[in-house]
Amino acid sequence: MGLGILDPRRPTEVPGTTRYFDDLEGLEGATSTSTSAQVKRDNGIILVPQPSDDPNDPLNWPLWKRDLILLLLSIVSIFATSLGPILAANTISLSVFFSVKFTKVAILTGWFLFGVGIAAIWFVPSARIWGKRHLFLLGTITLIFSSAWAGAAGHSYGSLAGARFIQGIGAAPFETLVNAVVGDMYFVHQRGKRMALTNLAVFGGAFFTPIVVGKITYTIGWPWTFYFVSIFCGVSLPLVYFFVPETTYCRSAHLNTDTASSVDIHHLQKPHTHEHTTDLSPSNAQSLELSEASIQNPSAQPESQDPPTLFTGAGTPKKSFTELLVLFCGRMSPEKFWKLALRPFPLFCHPAIMWACLTQGAMVGWTVFISVVIAGIFIGPPLWYGEVQTGYAFTGAFIGAVGGFLLAGAVADWSAKVMTRRNGGIYEPEFRIVLVIPQLILGCTGLYLFGATSTPAGLIKHGWIVPVVAFGLQVAGMVIGAVAASLYLVDAHRDIAVEAFTCTIIFKNFFSFGLTFSAYQWVIGPGGTFRVFMWISSIQVVVCLLSIPMYVFGKRNRDFFHRHNILKLCGLMNKRDT
């Protein structure tokens, strides 16, 4: 048992458990001498997964290129997900404009969330078969025309509702696949800060939108909030086309040491039955040494050395810039589309994926809930806010999102490395779950505090600042929890990461969609805001506490579902994985 994580009852190798330190002098069980010369590493850290020698392997791209790709996708993700709360500050204006109740305005947000959830079901099999690049381009194009449509909807509520649904479809690739791109392009020890960035973009960046939307609505009208998104996405489209190549790569299975059944990197030294692998011998050990420069450019190996047979692809020519612009790089899965579309649904029975859905999705749902009702709370007595002031109330949420990103980025990789060293150099994906601790402290405190101070009596006593700060704490907890869940899914179950992220997207969007129908009825019902948020906060505490058994039994869970694969039992296993 390592740091409270229970090992399987019988000795076995568990996917996700890896060794990525080889400079562990003084640590019990460390065997850096025999290991370090025979695997690829960077500054004493064994690279997990192991990159091939193919220069087109995303793991071999220069770090600046990978970071540029992720930055561009994150920027477009901000524009895409900004459409979720874009109407939060405009509740009054739209209610008057369309002559409808507040609930009907809230449902406009629900249609966006519903579109994301529906589209995710179909985009995931497309990503599995043809890669992710075409979906990012399709999503950007859809956001351009659907946002222009929303701005031009006029007095037709039905037209705006339809545009919101299509906007959700356009946003789906960014909500569903950007986190999976982190798993495509980065090693385990590099993922923490990048996953924090993508989650800030997907979940946190949207909270800047209401701050400016209220002012835009007041000065030039609410349609321009959509027109601006259309313009910004139009500017982003050529950047995505020219600088975001396909990141999906069919790497030889034995190199995926984070998904293979291996307790440490010595698995690579054993004879393999895989047709592309061979045993390592001392004669070729030297050829497997890899410096920082050769990680970025494997083709730079001296020509006099024999290419190692373990790391395939050394003779593959590097693709030209023009070749990288193609929309499709060939079929990446032999499976049928319908079969891949069904794969996410049995995974809701997987404890780790259900834990991730709750950890990420519940907090996102409460955030949507607050975003929907905050205008109704602030426009009435005693504050009597308009759309501009209501928009400014999201300042706390934006600061909380940035703070959560900074905290998660600082702690995610650092805590994993510290715990790995204390565990004798063995990395367990469950080390990522400790990030739920700040989610529990910040997020649940924010929920309780918002409920206690957003009542009429609370607003009279504390004014606007305490609920705004509470909203910021809640959003900070949401971002940190999203990072924890995303990192755990990528590190523990990267072979099904796309389907796992689909499950979280479906859960959070359908859950949030349901909340939009009931939000106003709940807060004006018996007990009002205080009672509703005491229940919500207590539910979130229970969700966070579920992380304790997930941490303790997570390794046994990985072992059990590796031996009893849900997808295999349902006949949905990929042929290349069998």
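Since the model is a prediction, treat every value here as computed from it, not as a measurement.
A side-chain donor-acceptor contact under 3.5 Å links Thr219 to the backbone of Ile216. Formation of a donor-acceptor pair under 3.5 Å by the Thr359 side chain with backbone atoms of Ala356 is not found in this model. Between the side chain of Arg164 and the backbone N or O of Phe112, no donor-acceptor pair lies under 3.5 Å. Side-chain atoms of Asp413 come within 3.5 Å of backbone atoms of Gly192 as a donor-acceptor pair (strictly under, hydrogens ignored). Judged by distance alone, with hydrogens and angles left aside, the side-chain atoms of Ser415 form no donor-acceptor pair with the main-chain N or O of Phe431 at under 3.5 Å. At distances below 3.5 Å, not a single donor-acceptor pair connects side-chain atoms of Tyr157 with backbone N or O atoms of Ser99. Side chain of Thr198 to backbone of Met195: a donor-acceptor contact under 3.5 angstrom is found. For Ser147 (side chain) and Val229 (main-chain N/O), no donor-acceptor pair under 3.5 Å exists by modelled atom type. Side chain of Ser547 to backbone of Cys544: a donor-acceptor contact under 3.5 angstrom is found.
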Practice prompt. Decide yes or no on side-chain contact (heavy atoms from CB on, under 4.5 Å) for Leu449 and Gln474, but give the supporting numbers first.
Written response: CA-CA 9 Å; Leu449 190 60; Gln474 188 271 330; over 6 Å; no
Item to complete: Could you walk me through whether Thr504 and Leu489 pass the side-chain contact (heavy atoms from CB on, under 4.5 Å) test, one step at a time?
Response: CA-CA 10 Å; Thr504 63; Leu489 290 179; 4.0 Å; yes
Item to complete: Could you please spell out the steps behind the side-chain contact (heavy atoms from CB on, under 4.5 Å) verdict for Ile370 and Thr367?
Response: CA-CA 5 Å; Ile370 295 176; Thr367 305; 5.9 Å; no
Fill in: Intermediate values then yes/no, side-chain contact (heavy atoms from CB on, under 4.5 Å), Ser486 and Gln360
CA-CA 8 Å; Ser486 300; Gln360 182 182 108; 3.5 Å; yes
Practice prompt. Show your working on side-chain hydrogen bond (donor to acceptor under 3.5 Å, both in side chains) between Thr81 and Glu175 and close with a plain yes or no.
Written response: CA-CA 8 Å; Thr81 57; Glu175 286 207 26; over 6 Å; no
Item to complete: List the steps and the verdict of ring pair (Phe, Tyr, Trp, His ring centres under 6.0 Å) for Phe174 and Phe79.
Response: CA-CA 10 Å; Phe174 298 96; Phe79 298 143; 9.8 Å; no
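Of all heavy-atom pairs between Ser74 and Ala201, the closest is O-CB, 3.3 Å. Nearest approach of Thr176 to Phe501, heavy atoms of both residues: O-CB, 3.6 Å. Shortest non-hydrogen contact noted between Ser77 and Leu73 is OG-O, 2.7 Å. Scanning all heavy atoms of the two residues, the minimum distance from Cys357 to Phe348 falls at SG-CE2, 4.0 Å. Counting all heavy atoms, side chain and backbone alike, Pro344 lies closest to Cys503 at O-SG, 3.1 Å. Heavy atoms only, all atoms of each residue included: Thr395 and Ile211 are closest at CA-CD1, 3.5 Å.
Contact check for Arg343 versus Ile496: side-chain heavy atoms found under the 4.5 Å cut-off. Side chains of Asn90 and Val105 form no contact here, defined as non-hydrogen atoms less than 4.5 Å apart. In this structure the side chain of Arg558 reaches within 4.5 angstrom of the side chain of Thr17, judged on heavy atoms. A 4.5 Å side-chain heavy-atom check between Asp67 and Arg194 finds at least one atom pair inside the cut-off. For the pair Pro346 and Leu572, the minimum side-chain heavy-atom distance is below 4.5 Å. With contacts defined as side-chain heavy-atom distances shorter than 4.5 Å, the pair Trp355/Ile433 qualifies. The closest side-chain heavy-atom distance from Met478 to Gln439 is not below 4.5 Å. Residues Thr516 and Trp111 form no side-chain contact, since every pair of their non-hydrogen atoms from C-beta on lies 4.5 Å or further apart.
You'll find the ring centres of Phe369 and Trp366 outside the 6.0 Å limit. If you look at Phe145 and Trp149, their ring centroids are not closer than 6.0 Å. Taking the six-membered ring for Trp, Phe533 and Tyr448 have ring centres at least 6.0 Å apart. Between Trp222 and Phe97, the ring center distance clears the sub-6.0 Å criterion.
For the pair Asp7 and Arg556, the salt-bridge criterion is not met [side-chain N within less than 4.0 Å of a carboxylate O]. Salt-bridge check for Lys555 with Glu428: passed, with a basic side-chain N closer than 4.0 Å to an acidic carboxylate O. Using a 4.0 Å cut-off between a side-chain N of Lys or Arg and a carboxylate O of Asp or Glu, Asp491 and Arg432 qualify as a salt bridge.
Between the CG atom of Leu342 and the CG atom of Leu347 there is a distance of 11.5 Å, given to the nearest 0.5 Å. Interatomic distance, OG1 of Thr142 versus CG of Leu138, reported as 4.0 Å (0.5 Å rounding). Distance check, rounded to the nearest 0.5 Å: CG of Leu545 to CG of Leu440 gives 6.0 Å. Note that CG of Leu473 and CZ of Phe471 are 11.5 Å apart. Values are rounded to the nearest 0.5 Å.
With a 6.0 Å radius and a threshold of 12 heavy atoms from other residues, nucleotides or ligands, Phe530 has its CZ atom at or below the threshold. Applying the 6.0 Å contact sphere to CD1 of Ile465 captures no more than 12 heavy atoms from other residues, nucleotides or ligands. Counted within 6.0 Å of CZ on Phe510, heavy atoms from surrounding residues, nucleotides or ligands total more than 12; the atom is thus considered enclosed.
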